[in-house]
S.K.: 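Provided herewith is a single structure, encoded as structure tokens, for subsequent inquiry.
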Amino acid sequence: MRDLNVIGKPWPKVDALSKCTGETRYADDLHLPRMLYAKILRSPHAHARIRRIDVSRARAVPGVHAVLTGRDLPTRFGILPVSQDEEALCVEKVRFVGDPVAAVAAVDEWTAEEALRLIEVEYEPLPALLTMEQALAESSVRIHEYGDGPNMHKLVSLEFGDVAEGFAQADYVREDIFFYAGSTHLPLEQHAAVAHYGPDGRLTLWSSTQTPHYVHRALAKVLGLPPHRIRVIATPVGGGFGGKSDPFSHEIVVAKLAMLTGRPVKITLTREEVFYVHRGRHPVLMWIKTGVRRDGTITAMHVRSFLDGGAYGSYGVATTYYTGALQTVTYKIPRYKFEGVRVFTNKPPCGPKRGHGTPQPRFALEVHLDKIAEDLGLDPVEMRRRQIVEAPSLTVNWLRISSCGLRACIDRVVEASGFREKFRRLPFGRGVGFACSAYLSGAGLPIYWNDMPHSGVQIKIDREGGVTVFCGSADIGQGSDSILAYIVAEILGILPEDVRVVTADTDLTPVDLGSYSSRVTVMAGNAAVEAAERLRHLLFRAAAERLDVPEDQLLARGRRIFDRADPDRGLDFAEAAQLAEARFGTLGAVGSYTPPKPLGRYKGAGVGPSPSYSYSACVAQVSVDPETGFVRVEKIWIAHDIGRAINPRLVEGQIHGSVYMGLGEALMEEQTFRSRLGVHTAPSMLDYKSPTTWEMPEVECFLIETDDPHGPFGAKEAGQGPLLPIPPAIANAVYDAVGVRIDELPITPEKVLKGLEDKARGGSGRIGPTSIPSLAWPEPIRVEPPPEWRSLGDLT
Amino acid sequence: MEKHLITLKVNGELHTLAVPVFKTLLEVLREDLNLTGTKHGCELGECGACTVLVDGEPVLSCLVLPIELQGREILTIEGLMERGRPHPLQQAFAEMGAAQCGYCTPGVVLSAKALLDRNPTPTRQEIAEALSGNLCRCTGYIQILEAVERAAAQLRDVRSAATDGR
């Protein structure tokens, strides 16, 4: 491996001390002179027509400066160009409890709240469709007028090769049905935004957002302002996990209120509002059918997923495809069919949450494989291990695998956990479970169609050798600002502390598409590599002339540029910068990154491709109390193929956080609603259960480095992939412990007890859904697999 | 809105303020004293983000009224640094990766400080117990627990060095 000075070391994050001392200014910490405070009135109905809104009494309240309704902001928006279905304030209809209806700006929050109470809204209630079954059955009631069918936001059917041919070659075929409950991000920081509209006609919005670039576009569209008059600054995000990736009503509302009043306006959502704004994990009902040979070799797979999308589109088209796209990147699947539907319901809109549409099918697949292994008397580890994808290779759905360390991941966790000695051998009440997974390192396509780079970086050097990096990426706590500093420092031969990072400001920084799809290290990282190398080239040219050493013999290291053959012969970094500025003029460089073009040529081929895929393998050890049904996770062993750990401490932090969030989804987190009303049953941090220090198990991490050809220094993603194997590993461990299959997350004590009671009465002990809605699936788009998959000859 | 004159001692400084009685300590710290290092995640006493120390004990600032705290010593995250030098807990949190998004960090650091002040040698279980009221969604708590252990060790070293020097 290359000799690296900065990369691979556990540096503190560049913003760590400011976060630990209370210096970091989050959106709600901002205060501008003359600032007003905004509040939003939200619908109490799950589905209703707005007959009339009277704001006159609210307007008359002393201290109220402006009141807005939907008519003031009628232009629709949404994150995906194909789902522009949201209004900043609803115009004719509300579609969930919590849908925004009107807004007030006042001198303080109390006055704004008082004014909200005086707004009169006359609603005509409409039938509320609160379940997927209801929404699919009620074709006369439509939540939206668009989509692929009544209340069907998206309906897809794809077939890669002839699955019937694959199933015909199987010795054994198994079908299972699973349900993965919806959950919410629960960031500690409530969404907040501050808008300022200057006398020069320029609007500035500070917002807790993962995607300032997309917020910029949405503001321009809805406000009808030219984009160059809008500046969006993403403040440090106090927890995102996907929940701050959409452009939001409240961001547009404060901007409009600032324009109307000529005063800065702030809004901070209450915790209850954050629960309703949501965009969290889609509840997904899944049916999976797999054909295998006697030795467990997969011959064909067919997956159906039903996504409960809630009231708006959000990222849902992408989510739908994601529930079917990544099954193929772990094990060789020669024939594959995917059918999926996303259903509109009158509940808070679902969107992307850590793992975006892939933890649900991964849970289904890994539990399903565990059952197949048991049915065939096979070792569940070996069965998977034998059919891991090759690298490089193409999957049957045309995804390009550039590196894969899954085998090493499996070996590390199986060995460290003593899985083989424990599996099916621990006493009743204790068990181990195993699962694998894969995730993408950034989406291969941008959200709106264009040929421009996905990430841009600009670097400047001042005369004393200080380096500033500019990039549109938003640090949401994962440390993306720090990654930029480490990469630039490594290439220029300086230290991270010499680098200042300016990010997520649409006036100052080149576009980066945002902190979603685990894309920032790979994409902004590659852009930073390009920019830093260009700058180093200028420094080397100037230094080479001065030192009379060939450029390719120079090395940048330890804040010096020197002859690698004679290290004493060199210049200080600052000296080199001054020489280069004298020689070439003001120093600066740009770099950008565009991922490889997706290879698939079918509708839907844009979801799934990525520069690279990360891999994880996990063993969970649990104890289950048969008296209470309470599951305690004792320990998690997890190995993650990170490509290259740019900072191993940050990678482990991402893995811990993923394990934690997967644990919450496996055992307790669930977004539930009162039937008929669509009112959240637990819109508070007390009632919505999330793991505390008590529930968090010991975690043993292993980083597997595979040096991916597409990553900066070989790096791949870490932020999302390690969540995926956690729920299935825990579910498999619960089965190992007490012999009940809980095929429906979360695995609550009630479900475990129900399973145990069923078993005691002679039943199977399985808890979970037993049927899927009948749906007239469309004829699939039939996709010819890549050449290496065309023949099934080698299977026979 | 009727306001009352109160005097609060925050981070060693006395402040006289006119505030409505129902305004919480959290609101007064953030809005009247501009001490925005104290965070809020729920304003209902559920998340622990707004933890400050009152006479050394962790208190949820969203649940207490300043009028009741006159004459008490209130410590916020901003008061933990000495002459611009981070406290060993802050240093350890930064070094160990214990602050990801950083939003829960001020509250967690203060809960940890209260623990270490009364128990300089806590076990991991004791640390977990002391921090069980502070929710964190990023870290899985592990690097937080490691940071508290590291800070505890450093504070012990400092103390024993001071004792040896005497």
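In what follows, every heavy atom counts, from backbone to side chain, and hydrogens, waters and symmetry copies are set aside. Below, read A as the first sequence line, B as the second, and so on, with proteins coming before strands; counting in each chain starts at 1.
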S.K.: If you measure from the Lys or Arg side-chain nitrogens to the Asp or Glu carboxylate oxygens, is any gap between A/Glu189 and B/Lys39 under 4.0 Å?
M.R.: no

S.K.: Chain B: which of A/Ile476, A/Thr24, A/Leu186 shares the most heavy-atom pairs with it under 4.5 Å?
M.R.: A/Leu186

S.K.: Less than 4.5 Å to any heavy atom of chain B: does that hold for the side chain of A/Val659, its backbone, both, or neither?
M.R.: neither

S.K.: Do A/Ser518 and A/Glu717 get their side chains close enough for a donor-acceptor pair, meaning under 3.5 Å?
M.R.: yes

S.K.: Checking A/Glu652 against chain B: side chain, backbone, both or neither under 4.5 Å from a heavy atom?
M.R.: both

S.K.: Checking heavy atoms, do the side chain of B/Thr36, its backbone, both or neither come under 4.5 Å from chain A?
M.R.: both

S.K.: With a 4.5 angstrom heavy-atom cut-off, which part of A/Asp28 approaches chain B: side chain, backbone, both or neither?
M.R.: both

S.K.: Among B/Asn34, B/Thr38, B/Thr24, find the one that has a side chain to side chain contact (heavy atoms under 4.5 Å, CB included) with B/Leu29.
M.R.: B/Thr38

S.K.: Side chain, backbone, both or neither: which part of B/His87 has a non-hydrogen atom closer than 4.5 Å to chain A?
M.R.: neither

S.K.: Listed by residue number, which members of residues 126-141 of chain B have a heavy atom under 4.5 Å from any heavy atom of chain A?
M.R.: B/Ala128, B/Glu129, B/Leu131, B/Ser132, B/Leu135, B/Cys136, B/Arg137, B/Cys138, B/Thr139, B/Gly140, B/Tyr141

S.K.: Checking heavy atoms, do the side chain of B/Gln125, its backbone, both or neither come under 4.5 Å from chain A?
M.R.: both

S.K.: Which one, A/Met661, A/Gln654, A/Gln190, A/Glu695, leads in non-hydrogen pairs under 4.5 Å with chain B?
M.R.: A/Gln190

